[in-house]
Amino acid sequence: MKNKIVAAMFEKIADVLEFQGEIPFKVNAYRKAARVIGEMQEDIEDVWREGRLREIPGVGTALATKIEEYLTTGKMTKYEDVVSSVSADLIELLEIQNLGPKTAALANKKLGVENLNDLKRVIADGSLAKLPGMGEKKVENIQKGIELYERARARISIGVALPLVEELIAELKSRTQVKKIEAAGSTRRMRETVGDIDILVETDRGAEVIQAFVHLPNVTRILAAGDTKGSVIVGDRIQVDLRAVGKESYGAALQYFTGSKAHNVHLRGIARKNGLKINEYGVFRGEEKIGGEKEADVYHVLDLVWIPPEMREDRGEIELAAQNRLPHLIELKHIKGDLHVHSHWSDGKATIAALAIEARQRDYRYIAVCDHSKSAKYAHGLEEEQVLEKIEEIKQIQENVPDIKILSGAEVDILADGSLDYPDEILAQLDIVVAAIHQGFKQRATERMLAAMENPYVFILAHPTGRLISRREGYRLELEKVFQKAAETGTILEINSYYDRLDLSDVNARRAKEMGIKLSINSDTHELAQLDAMKLGVGVARRAWLEPEDVINTYSLEKLLKLRDEKRKGR
Ligand code: DGT
Ligand code: CA
Ligand code: CA
């Protein structure tokens with residue numbers, strides 16, 4: 001059903017016209033038609049086919065013609081003209097609930113409000129409330145509208161975006177004849193958060209694919225639907241843009257829409273200096289098209305090697321590509337084990353046997369079961385005797401799963417005074433000791449971490465900054481000192497792959513590498529399926545330019561334990 005799209009287009013036309021001061025009669029004509037069509041049970045396409053468009057209340061000849069134009073061509077000239085007659089910033093303002101086109105126009109005329117930031121400013125300085133017909137209450141409601149709008153626009157974690165993209169792609173593949181389909185934008189670059197999801201499709205039947213896309217089951221709002229671009233809201237707030245292109249420009253479009261913008265701007269600058277033009281349709285010398293089917297074309301015409309998406313942030317990757325000196329980035333297939341997972345002994349759900357079997361299915365060679373220590377009461381941390389019992393259990397389970405090494409481990413709390421939650425005699429009996437701050441993390445975090453790293457048994461520092469992407473900044477930390485100590489003591493820093501942590505971040509992990517520190521990418525699994533989080537951590541590592549040698553859980557078990565023993569002996 002295209003009812004909702006047509007209704008949304010008429011509503012938008014009404015908003016913009018009203019903003020521009022069009023006479024109420026015309027504005028209301030669009031609004032009324034929008035309401036009726038939006039609520040109509042019958043499919044507007046059926047109504048149109050049967051020649052009954054003008055029987056819809058509020059739809060006369062003029063509107064019927066516009067609906068027909070849209071249903072036959074996928075475009076509505078009036079809509080495009082009206083929307084392009086104001087800036088994108090103003091269109092955004094008109095999206096804000098409780099503001100309304102009249103008030104937006106007033107604020108624009110009297111106070112020069114052109115965008116959301118201007119609007120916030122005139123609310124803050126009280127000038128909006130002083131306009132005729134305004135007042136505290138109205139302004140308060142507009143403020144609420146802004147908050148709602150911003151929450152809806154907030155970024156989502158890559159850990160939420162990836163499975164959603166996979167689902168949307170699978171659905172579209174089952175419904176349409178797409179030739180190729182893949183994520184672009186920040187999702188493809190594995191950025192830790194994603195503003196909106198971008199998907200690219202190769203097809204000869206763009207309009208058809210877009211229609212299927214905007215009517216997928218999860219779609220709650222249609223923002224746009226044309227021949228080459230569709231845009232929707234999935235669930236309560238996630239925007240997904242889909243672009244459909246032909247075979248001849250698929251590569252160029254993939255490159256363009258993968259971004260980042262900074263990377264693209266830099267590339268296009270080089271192209272211009274070489275008398276070339278690159279856009280989403282292809283690579284051109286004058287009028288002649290010299291590439292665009294393959295993504296690599298875009299790089300090769302500039303004498304660059306193809307650059308992995310995760311590196312495309314204009315952080316020096318283009319210069320390296322020009323010298324063919326790009327790092328050989330780590331891949332998921334290089335990972336030989338997971339060094340930080342929880343079992344049912346503490347707050348995990350899975351048994352150690354189940355963890356071992358799942359890990360083996362992922363072709364891992366080892367897994368370190370690191371349950372919480374005794375002070376982590378909220379997580380059923382283990383008392384010393386329990387640690388010893390667990391070690392015994394692992395010995396028994398190990399006999400049944402000979403082809404994967406189960407390492408006994410602990411995630412030991414770093415206490416308020418910087419000491420560890422277990423004495424060295426216990427730590428010495430564990431294969432892998434991961435240390436972390438979980439409590440009182442506002443207090444002397446740096447000193448506590450430095451002290452913990454001095455302990456020869458502490459092999460890995462877990463989620464070093466403690467940030468939670470959705471709600472917490474992280475410990476108040478002098479990261480430079482932590483890095484120095486890690487380098488000096490041979491302590492491994494973790495890239496924790498839990499989607500809300502991704503800690504260390506890409507930037508911090510790259511800095512760690514530059515300081516000669518080794519990293520470990522761990523899933524911090526609490527239930528079996530979370531072992532898959534490893535791919536998010538690998539994404540962070542690739543964005544940090546890490547190679548297999550930088551990441552200890554790409555090593556053989558022997559090499560890994562040798563490194564651990566070096567730290568224990570002190571280097
Ligand atoms: P996001 O959605 O904020 O997480 O980040 P992106 O990178 O997905 O950005 P988005 O969705 O606005 O645009 C997707 C890609 O399209 C972006 O990475 C690069 C390309 N792009 C967008 N706007 C521009 C532009 O003004 N110039 C150039 N050269 N490329 C652009
Ligand atoms: Ca995006
Ligand atoms: Ca986008």
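Atoms within each ligand, like the ligands themselves, are counted from 1 in listed order.
For atom 18 (O) of ligand 1, the nearest protein heavy atom (residue, atom name, distance) is Gly259 CA, 3.1 Å. What sits closest to atom 3 (O) of ligand 1 on the protein, heavy atoms only, is Arg155 NH1, 3.0 Å. Summary of contacts: the protein heavy atom closest to atom 25 (C) of ligand 1 is Lys261 CE, 3.5 Å. Closest to atom 11 (O) of ligand 1, if we only count protein heavy atoms, is Asp196 OD1, 2.8 Å. Scanning all protein heavy atoms for the shortest distance to atom 14 (C) of ligand 1 gives Phe257 O, 3.6 Å. Protein heavy atom in closest approach to atom 22 (C) of ligand 1: Tyr256 OH, 4.5 Å. The nearest protein atom to atom 6 (P) of ligand 1, hydrogens excluded, is given as Ser186 N, 3.7 Å; this is a heavy-atom distance. Nearest protein heavy-atom neighbour of atom 29 (N) of ligand 1: Asn264 CB, 3.6 Å.
When the options Ile517, Asn508, Leu477 are evaluated for a side-chain contact (heavy atoms from CB on, under 4.5 Å) with Val482, the one that passes is Leu477.
Looking only at N/O/S atoms, Asp198 comes nearest to the Ca ion (ligand 3) through OD1. Taking the Ca ion (ligand 3) as reference, the nearest N/O/S atom within Asp241 carries the name OD2.
A donor-acceptor contact under 3.5 angstrom links the side chains of Glu182 and Tyr250, judged on distance only. Checking Gln323 against Glu319 by side-chain atom types alone, no donor-acceptor pair falls below 3.5 Å. Ser87 and Asp89 share no side-chain donor-acceptor pair at under 3.5 Å.
Side chain of His266 to main chain of His263: no donor-acceptor pair is present (N/O by atom type, distance under 3.5 Å, no hydrogens or angles). The main-chain N or O of Ala244 is never found under 3.5 Å from a side-chain atom of Thr228 such that the two would form a donor-acceptor pair. The main-chain N or O of Val234 is never found under 3.5 Å from a side-chain atom of Arg221 such that the two would form a donor-acceptor pair.
Geometrically, ligand 1 and Gly195 share a nitrogen or oxygen pair separated by less than 3.5 Å. Remark: ligand 1 and Arg268 share no N or O pair separated by less than 3.5 Å (distance only, no angle test).
In the vicinity of Val194, heavy-atom distances shorter than 4.0 Å reach the ligand 1 atoms 4 (O). Of all atoms in ligand 1, numbered sequentially from 1 with element shown, those under 4.0 Å from a heavy atom of Asp198 are 8 (O), 11 (O), 14 (C). Every atom of ligand 1 with a heavy atom of Thr258 under 4.0 Å away is listed here by number and element: 18 (O). Close approach to Arg189 involves these atoms of ligand 1, each under 4.0 Å from a residue heavy atom: 7 (O), 18 (O). Listed by number with element, the atoms of ligand 1 under 4.0 Å from a non-hydrogen atom of Gly185 are 8 (O).
In this structure, atom 9 (O) of ligand 1 has no protein heavy-atom contact shorter than 4.0 Å.
Heavy atoms from other residues, nucleotides or ligands lying under 6.0 Å from NZ of Lys4 number 12 at most. Residue-environment remark: CZ (Arg362) exceeds the threshold of 12 foreign heavy atoms within 6.0 Å. Applying the 6.0 Å contact sphere to NZ of Lys289 captures more than 12 heavy atoms from other residues, nucleotides or ligands.
Counting heavy atoms closer than 4.0 Å to ligand 1, residue Ser260 contributes backbone atoms (N, CA, C, O) but none from C-beta onward. The residue Asp241 has no part lying near ligand 1, judged by heavy-atom distances below 4.0 Å.
A tilted orientation is assigned to the rings of His340 and His463, their planes being inclined by 30° to 60°.
Heavy atoms only, all atoms of each residue included: Asp227 and Ile210 are closest at O-CG1, 3.8 Å.
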